[in-house]
Amino acid sequence: MDYLTVALAKGRLAKDTLERLRAADMAAAIDMDSRKLVFRDEKDGIEYLLVKPVDVVTYVEKGVADIGVVGKDIILEQNLDVYELLDLQFGKCAFAIAGFPNTDLYGPEKVLKIATKFPHITRKYFAGKREIETIYLNGSVELAPLMNMSDCIVDLVETGSTLKENGLVVLEKMFDIQAKLIGNRASYQFSYDKIQTFIKAVEREGTVDATDYSWQ
Ligand code: PRP
C-alpha cells in the first residue's frame, strides 16, 4: 500500500496530538507507551513515525515524512523549507525573555548574555536592537541566570511554574506559539488529495493563525 507518512512529535505534544487524531477516528494503531517507532494504520492508509520534536521538521523537509505535527518554536529555530499547513490550536505557550526581577535588558552593559535552547530565534529577535551573546544549552536553561552564567534566558513559558519555582519572571514577552501541521513541498503536490483528507479530519473551527511573526 502507498501510505501517507506522518511524523509525530513525542513528548509534550504527544497527548494532545493523539487526542486530536482519535477524535477523528484515526491512529487506533498508535501505542505511545511502547518503544515502537513506526505504526501502520491500514484503515486510513497512514504510516505514523514517532520522533523527537526537534527531528520532525527534518523528516518532513527530507521527504521521509509527507507531513508532521510539531511546535512553531522548532519550525522557527530550524528555519527549514517546509509548508505550514494548519494551526492545531494546542501546545499553546509563549516565547519570553526571562530573568531576575528588575533585570535591565536594555541597560548600559555592552553585551547581554542570554542562555537559550533557541539561539537562532534569539539572535533574530535582538538583531538591530541590542548586542547579545547567546549561550546554547540543551535544557533547564533557568539554571543559567541562577548560577550567574547569563543575564537572562530566552525560553518557552507555558504555565510559568518553572520560572516561579526558580525566582525568575518574564521580562519581555516575545510572541505566541502553538502546534502546527507541516508538509513537505513535493508531497503537497503529489499527495495533495491524501493530505487534504488528513487536514479536513483534524482541523477545528477557527484554526486561523493570528500570531504576529512580523519581527522575523
Ligand atoms: C520547557 C521550557 C521551560 C518549561 C516551561 O522545558 O524550556 O523550561 O518547559 O514550562 P512551564 O512554564 O509550564 O513551567 P521542558 O519541560 O521541555 O524541559 P527542558 O527544560 O529540559 O527543556
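Atom set for the values below is all heavy atoms of this structure, side chains included, hydrogens, waters and symmetry mates excluded. As the structure lists them, so they are numbered: ligands from 1, and atoms in each ligand from 1. Throughout, numbering of the chain's residues begins at 1 and tracks the sequence.
- Contact residues for ligand 1 (protein heavy atom closer than 4.0 angstrom to any ligand atom): R12, K117, G139, S140, E142, D155, L156, V157, E158, T159, G160, S161, T162.
- F95 has its ring centre no less than 6.0 Å from the ring centre of Y125.
- With respect to K117 and E77, no salt bridge is recorded, no charged nitrogen being found less than 4.0 Å from a carboxylate O.
- Nearest heavy atom pair, residue A24 against residue A201, reads CB-O, 3.3 Å.
- Considering only residues two or more places apart in sequence or on other chains, D2 meets the salt bridge (Lys or Arg N to Asp or Glu O under 4.0 Å) condition with K194.
- The side chain to side chain donor-acceptor pair (under 3.5 Å) contacts involving residues 95-108 comprise Y106-E172, where partners must be two or more places apart or lie in separate chains.
- Listed by first and then second residue, the ring pair (Phe, Tyr, Trp, His ring centres under 6.0 Å) pairs involving residues 7-64 amount to none (not counting sequence neighbours).
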